[in-house]
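Have a look at the structure below, then the notes.
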Amino acid sequence: MAFAANVLARSFSTSVGRQAAIKHVTVIGGGLMGSGIAQVAAQSGHNVTMVDVSEEVLKKSQANIEKSLMRVAKKKFADKPEEGQTFTKEVLSRISVNSDPAQAAKSADLVVEAIVENIDIKQKLFKTLDENAPQHTIFASNTSSLPIKDIAKATQRLDRFGGLHFFNPVPVMKLVEVIRIPETSDDTFKSLVAFGQAVGKTTVECKDTPGFVVNRLLVPYMAEAIRMLERGDATAKDIDVAMKLGAGYPMGPFELSDYVGLDTMKFILDGWSENFPDQPLFKSSPLLDKMVENGKLGMKSGEGFYTYNKK
Ligand SMILES: CCCCCCCCCCCCCC(=O)CC(=O)SCCNC(=O)CCNC(=O)[C@H](O)C(C)(C)COP(=O)(O)OP(=O)(O)OC[C@H]1O[C@@H](n2cnc3c(N)ncnc32)[C@H](O)[C@@H]1OP(=O)(O)O
Ligand SMILES: NC(=O)C1=CN([C@@H]2O[C@H](COP(=O)(O)OP(=O)(O)OC[C@H]3O[C@@H](n4cnc5c(N)ncnc54)[C@H](O)[C@@H]3O)[C@@H](O)[C@H]2O)C=CC1
């Protein structure tokens, strides 16, 4: 038995031997996804720097992380509330905030980018990160829909670049898609998979194809939902009820849109309409455009397809 355990331990250390140990994670973008990624990384013992251009966002995100940790602690330490409080404090103490990506990159073993879904802004950020991060630092993007290769080309480290696509809400959703481009080294890929597993997620390997796995199927479904609404086939409420009760989905497409953020949805749909110019399903949506123009961004702004109490 002891022999078998030793062999297992040795073969594990051999298989991960040349991978960089990821201890310090810098998460760029402190919004919906970045704050969730920062939380699960800190929860699993990593030191985390969370970066955003907006100090206000950073403050709000720290408060949201604390609330989310309290929900986790309530379950994890149901009978021991003091231990739950200690857990929350300890996790929070591992997260520091910064508004300067260049400075925050200097101490990172892994940078996970979760900023707005815009290729020019992402490329500009990665160029700066590449100029400032140590040689060994691995870069990953959490993009929903942009090709990883287009983001990576702003850097000189294609072998240390990949995609880590988390799902919203990050503390709850159990999947991470790990995306490799042809240049991603095996060591980098293994490090990204190991990181996904270390933060408690199941990982699946994806090629750098539009939408990877989940969004390749989810985007057409969501796009068809908005076309149904635009055609007046059914109300948003009825479509949501139908998909929840008829297909067993936890949220209907319009509840999910409000949850994801309508600005992010618009970025994704507009990107797909450029990628698939002959596909009418992905043409930009006048309804979505109007809602975003009017600041109706879903839960984060207090109004989208539904209205919410602003916290
Ligand atoms: C129509 C527009 C068309 C435009 C076209 C463009 C299309 C583009 C689409 C692509 C979008 C791409 C986004 C992306 O890249 C990928 C994604 O992330 S897709 C989103 C995936 N997520 C989902 O599908 C979420 C589905 N919803 C759910 O699973 C549940 O509703 C949810 C867990 C969110 C809430 O559950 P609910 O039961 O309703 O509420 P509770 O409050 O009771 O929570 C349940 C359970 O979970 C715990 N919990 C919830 N949130 C958190 C949190 N933030 N932190 C910690 N814990 C949390 C809560 O405590 C409960 O735990 P219990 O143990 O059950 O008490
Ligand atoms: N919302 C969702 O459900 C999901 C989104 N994604 C992807 O994750 C990324 C982030 O999405 P969200 O968190 O929803 O967006 P968000 O809008 O909540 O947060 C984005 C944050 O990035 C910040 N930011 C913008 N430019 C920056 C820069 N140059 N440097 C530092 N911070 C900057 C903004 O201030 C904002 O706080 C996008 O690529 C999106 O496609 C992936 C999975 C799910």
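All ligand and atom numbering here is 1-based and tracks the order in the structure.
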For N168, the ligand 1 atoms whose distance to one of its heavy atoms is below 4.0 Å: 18 (O), 20 (C), 21 (C), 22 (N), 23 (C), 25 (C)
Distance, nearest 0.5 Å, that separates CG of D150 from CG of D208: 8.0 Å
Under 4.0 Å from ligand 2 - residues by heavy atom, chain and number: I28, G29, G31, L32, M33, D52, V53, V57, A114, I115, V116, E117, K122, N142, T143, S144, H165, F166, N168, V260, T264, K300
Atoms in ligand 1 with a heavy atom of H165 nearer than 4.0 Å: 14 (C), 15 (O), 16 (C)
Protein heavy atom at shortest distance from atom 4 (C) of ligand 1: M265 CE, 3.6 Å
Atom 65 (O) of ligand 1 protein-contacted (non-hydrogen atom, under 4.0 angstrom): no
Proximal ligand 1 atoms for P250, defined as those under 4.0 Å from one of its heavy atoms: 26 (C), 27 (N), 28 (C), 29 (O)
Residue pairs fulfilling side chain to side chain donor-acceptor pair (under 3.5 Å) with at least one residue in residues 237-262, sequence neighbours excluded: D240-Y306, K244-E255, D258-Y308
Under 3.5 Å: donor-acceptor pair, side chain of T307, backbone of E303: no
F167: numbered ligand 1 atoms lying under 4.0 Å from its heavy atoms: 16 (C), 17 (C), 18 (O)
From CE (M291) to CD1 (I226), nearest 0.5 Å: 7.5 Å
Whether S61 side chain and V57 backbone form a donor-acceptor pair below 3.5 Å: yes
M173 contact mode with ligand 1 (heavy-atom cut-off under 4.0 Å): side chain
Heavy-atom protein neighbour under 4.0 angstrom from atom 46 (C) of ligand 1: no
Parallel, tilted or perpendicular, as decided by the 30° and 60° cut-offs, for the rings of F87 and F77: tilted
Side-chain heavy atoms of V178 within contact of L164, under 4.5 Å: yes
Element-labelled atoms of ligand 1 that are located less than 4.0 Å from some non-hydrogen atom of L218: 19 (S)
Pairs satisfying salt bridge (Lys or Arg N to Asp or Glu O under 4.0 Å), at least one member in residues 278-289, at least two apart: K266-D289
Ligand-residue contact atoms, ligand 1 with S257, heavy atoms, under 4.0 Å: 1 (C), 2 (C)
Sub-4.0 Å protein heavy atom next to atom 43 (O) of ligand 1: no
Test item: D130 side-chain N/O and Q156 main-chain N/O as donor-acceptor pair under 3.5 Å: yes
Any protein heavy atom < 4.0 Å from atom 52 (C) of ligand 1: yes
Closest protein heavy atom (residue, atom, distance) for atom 3 (C) of ligand 1: M222 O, 3.3 Å
Within-cutoff protein neighbour (heavy atom, under 4.0 Å) for atom 18 (O) of ligand 1: yes
Residue-ligand contact Y259/ligand 1, heavy atom below 4.0 Å: yes
Enumerate, atom names and distances included, each donor-acceptor pair closer than 3.5 Å involving a side-chain atom of residues 137-144, sequence neighbours excluded.
residue: T137; atom: OG1; partner: A108; partner atom: O; Å: 2.7
residue: T137; atom: OG1; partner: P134; partner atom: O; Å: 3.2
residue: S141; atom: OG; partner: E113; partner atom: OE1; Å: 2.5
residue: S141; atom: OG; partner: T143; partner atom: N; Å: 3.1
residue: N142; atom: OD1; partner: F166; partner atom: N; Å: 2.8
residue: T143; atom: OG1; partner: E117; partner atom: OE1; Å: 3.1
residue: T143; atom: OG1; partner: E117; partner atom: OE2; Å: 2.8
residue: T143; atom: OG1; partner: S145; partner atom: N; Å: 3.2
residue: T143; atom: OG1; partner: L146; partner atom: N; Å: 2.9

Backbone N/O of G295 and side chain of S301: donor-acceptor pair under 3.5 Å: yes
Donor-acceptor contact present, side-chain R180 to main-chain E205, <3.5 Å: no
Interfacing atoms of ligand 1 (cut-off 4.0 Å, heavy-atom, N215): 12 (C), 14 (C), 15 (O), 16 (C)
Nearest-contact summary for atom 54 (N) of ligand 1 - protein heavy atom, Å: S68 OG, 3.9 Å
Check: E177 and V204 side chains under 4.5 Å, non-hydrogen atoms: yes
For ligand 1, the portion of Y249 having any non-hydrogen atom under 4.0 Å away: neither
Same apolar cluster: I151 and V53, side chain cutoff 4.5 Å: no
Option set V172, L288, L217, L287, criterion heavy-atom distance to atom 58 (C) of ligand 1, minimum: V172
Closer than 4.0 Å: a protein non-hydrogen atom to atom 36 (O) of ligand 1: no
Over 12 non-hydrogen atoms of neighbours within 6.0 angstrom of CE in M70: no
Ligand 1 contacted by Q39 (non-hydrogen, < 4.0 Å): no
Best match, E177, M251, E117: closest heavy atom to atom 27 (N) of ligand 1: M251
Parallel, tilted or perpendicular: rings of F282 and F276 (30°, 60°): tilted
Same cluster (ILVMFWY, side-chain, under 4.5 Å), M50 and F195: yes
Within-shell test, A225 vs ligand 1, heavy atom, strictly < 4.0 Å: no
Protein residue, atom and distance nearest to atom 24 (O) of ligand 1, heavy-atom basis: L256 CD1, 3.6 Å
Residue K75 vicinity, atoms of ligand 1 by number, heavy atom under 4.0 Å: 62 (O), 63 (P), 64 (O)
Protein heavy atom at shortest distance from atom 40 (O) of ligand 1: R71 NH2, 4.9 Å
Co-membership, hydrophobic cluster, residues L262 and Y221, 4.5 Å side-chain: yes
Side-chain ion pair, K59 and E56, N-O less than 4.0 Å: no
Which residue and heavy atom of the protein sit nearest atom 13 (C) of ligand 1, plus the separation: S144 OG, 4.0 Å
